[in-house]
A.B. asks: 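Below is the structure I would like to discuss, written out as structure tokens.
FYI, side chains are in, hydrogens and waters are out, and symmetry mates aren't considered; it's all heavy atoms of this structure. Please read all numbers here as calculations on a predicted model, not as lab measurements. Both counts, for ligands and for their atoms, begin at 1 and track the order of listing.
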Amino acid sequence: MIDLRSDTVTRPTSAMWEAMRAAPLGDDVLGDEPTVRELEAKVAALLGQDAALYVPSGTMANQLAIRTVCEGGDEILAHRESHIIHYETGSPAALSGCMISPLDGAGGVFDADAVRAAIRHRDQHAPLSRMLVVENTANRGGGTVWSVEQFAAVATAARIGGLHLHIDGARLMNACVALGVGPRDFTAHADSVSLCFSKGLGAPVGSALVGPHAFIARARRFRKMFGGAMRQSGLLAAAAIYALDHHVARLADDHKNARALAAAIAQIPGLSLEGPPEKIPTNMVFFRVAAALGNAQSFCDHLRETGVLALGLGPDRVRMVTHLDVSARDIESASVALATVATSCKGSH
Ligand SMILES: *Cc1c(COP(=O)(O)O)cnc(C)c1O
């Protein structure tokens, strides 16, 4: 199978397994897990923040940031297509009693004016605008990368408006590799950051939440409350350390493979790529399936029969994501499969 549903599907490489096997272990809840501590120090330094907390998922990292900063009745500003709105099970409402004000903008990105317009006057009638979430890369936006300038302008608007700025950086390293900048070009302007090791970085499990000491100390209490405090989690943290050491620069290969896949899709009648293939920003490719070929789900079902997996998102939208476990040759095979399936679907509808 060539699995292009998500970059979360990667298996540990043998070198990563070796690093996991060799990791010294302790009990993180008792406070003496050496490998988790090493990972947390490493991530905090990488992102130029005081401290980090290793957590089981990116969702937990985001939700801990929200729970740590917000009170019931507060409002969070986030893009309409953001992960915290679409894919976190309503948890800002369920776990923290917060509502979300959706911001608009092309490709999952918004500007400083949108932030300023959404910040409410402090008035007893109004929810308190407390937090701004910036997703970089923007997943449903197309794997979009924020420009450093636009991000800085939005960060300034957030600071002036008294908002906590949280970066949902599940794929922040993809953004950095795509732009050729370091993470601090973004994180220096942020109050907290979440980063996934289980996406393009290729670790099997885990994310980090990063921020100031007092913020992380409070988040650590909520991690326990949410059931996310783990024991010999150094086993998993070792994979994340290995990923940070060995799998960042190679994200450029995933971006190149995504552009090659997009170029192939752009040539297939009945499939319409979102945007020009040379503008694919990172490792995600989105396209629409013409009605004459059926719908997104039936297209993905037929594609599966050829050994290629893609994700149907909505009635006609399909997502394919490149990662560590797909090669340039796999992309060629997937491109042939897409063309074959598109032709046979057209024949049968
Ligand atoms: C994947 C992802 C997350 C976290 O997802 P988990 O599956 O909970 O690890 C958060 N934000 C974005 C933008 C993501 O793509």
A.B. asks: Which pairs with one or both residues in residues 84-132 pass ring pair (Phe, Tyr, Trp, His ring centres under 6.0 Å), sequence neighbours excluded?
C.D. replies: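 Applying ring pair (Phe, Tyr, Trp, His ring centres under 6.0 Å) to every pair that reaches into residues 84-132, excluding sequence neighbours, yields His83-Tyr87, Phe110-Trp146.
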A.B. asks: With salt bridge (charged side-chain N to carboxylate O under 4.0 Å, His left out) as the criterion, how do Glu274 and Arg288 come out once you've worked through the C-alpha distance, each side chain's angles and the decisive distance to 0.1 Å?
C.D. replies: CA-CA 7 Å; Glu274 293 183 5; Arg288 305 269 173 180; 3.2 Å; yes
A.B. asks: Which residues pass the side chain to side chain contact (heavy atoms under 4.5 Å, CB included) test with Asp185, sequence neighbours left out?
C.D. replies: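 Val148, Val181.
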A.B. asks: Does atom CZ (Arg231) have a neighbourhood of more than 12 heavy atoms from anything else shown, all under 6.0 Å?
C.D. replies: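 For Arg231, atom CZ is crowded (more than 12 foreign heavy atoms under 6.0 Å).
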A.B. asks: Do other residues, nucleotides or ligands put more than 12 heavy atoms under 6.0 Å from Arg317 CZ?
C.D. replies: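 Yes.
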A.B. asks: With a cut-off of 3.5 Å and sequence neighbours excluded, list every side-chain donor-acceptor pair involving residues 239-250.
C.D. replies:
from   : atom 1 : to     : atom 2 : distance (Å)
Asp245 : OD1    : Lys42  : NZ     : 2.6
His246 : ND1    : Tyr242 : O      : 3.2
His247 : ND1    : Leu201 : O      : 2.8
Arg250 : NH1    : Asp254 : OD2    : 3.2
Arg250 : NH2    : Asp254 : OD1    : 2.5

A.B. asks: Below 4.0 Å from any atom of ligand 1, which residues have a heavy atom? Give them in chain and number order, please.
C.D. replies: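 For ligand 1, the contacting residues are Ser57, Gly58, Thr59, Asn62, His83, Glu88, Glu135, Asn139, Asp168, Ala170, Arg171, Lys199.
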